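Reviewing the structure listed below.
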Amino acid sequence: MLRSGLVGPTWMGELMVIGGESLYRATLPAASRMYLTVLDCEVDGDVFFPAYDPALWREAERLDVMDDPAFPASYRFLVLDRIGEALVKR
């Protein structure tokens, strides 16, 4: 239902999904691109981004942040594009 309400013959934009976990899980199979922030540290929490198969994605962009005075660990911003035939319309 989510996909049928957002994607149609006139859809021309890029949809941004901003959590939570169940919404990510529902939309990830239809995603062709992911924007991820990966932290190089452990954080407390009970909700996480769902697992995905990295073999189905290629890194299109990357920015490593090693010295952010506002954050105690390094992190990186990734843009991942789904590899061609791995995109499955659901």
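Residue numbers run from 1 in the order of the sequence given. As the structure is a prediction and not an experimental result, all values here were calculated from the model.
In this structure, Leu39 is not a member of the same hydrophobic cluster as Leu78, with clusters built from ILVMFWY side-chain heavy atoms closer than 4.5 Å. Residue Leu36 is grouped with residue Trp57 when hydrophobic side chains (ILVMFWY) are merged at heavy-atom distances under 4.5 angstrom, including chains of intermediate members. With hydrophobic clusters built from ILVMFWY side chains whose heavy atoms lie under 4.5 angstrom apart, Leu23 shares a cluster with Phe49.
No more than 12 heavy atoms of other residues, nucleotides or ligands shown are found within 6.0 angstrom of CD on Glu42. The 12-atom threshold is not exceeded at CE of Met66, counting heavy atoms of other residues, nucleotides or ligands nearer than 6.0 Å.
Across every non-hydrogen atom of Leu28 and Ala51, the tightest pair is CD2-O, 4.2 Å. The nearest pair of heavy atoms linking Arg58 to Ile83 is N-CG1, 4.0 Å.
Scanning for ring pair (Phe, Tyr, Trp, His ring centres under 6.0 Å) contacts around Phe77 gives Tyr75, with sequence neighbours left out.
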Worksheet entry | Audit row: Leu80, Tyr52, side-chain contact (heavy atoms from CB on, under 4.5 Å) steps and yes/no | CA-CA 11 Å; Leu80 302 176; Tyr52 64 93; 3.6 Å; yes
Fill in: Trace of the side-chain contact (heavy atoms from CB on, under 4.5 Å) decision for Arg33 with Val79
CA-CA 7 Å; Arg33 172 170 276 185; Val79 178; 3.6 Å; yes
Worksheet item: Yes or no on side-chain contact (heavy atoms from CB on, under 4.5 Å) for Leu63 and Glu61, after CA distance, side-chain angles and deciding distance?
Response: CA-CA 7 Å; Leu63 173 64; Glu61 296 179 43; over 6 Å; no
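Taken from CD1 in Ile18 to OH in Tyr35, the straight-line distance is 12.0 Å, to the nearest 0.5 Å.
At least one donor-acceptor pair under 3.5 Å links the side chain of Arg82 to the backbone N or O of Ala31.
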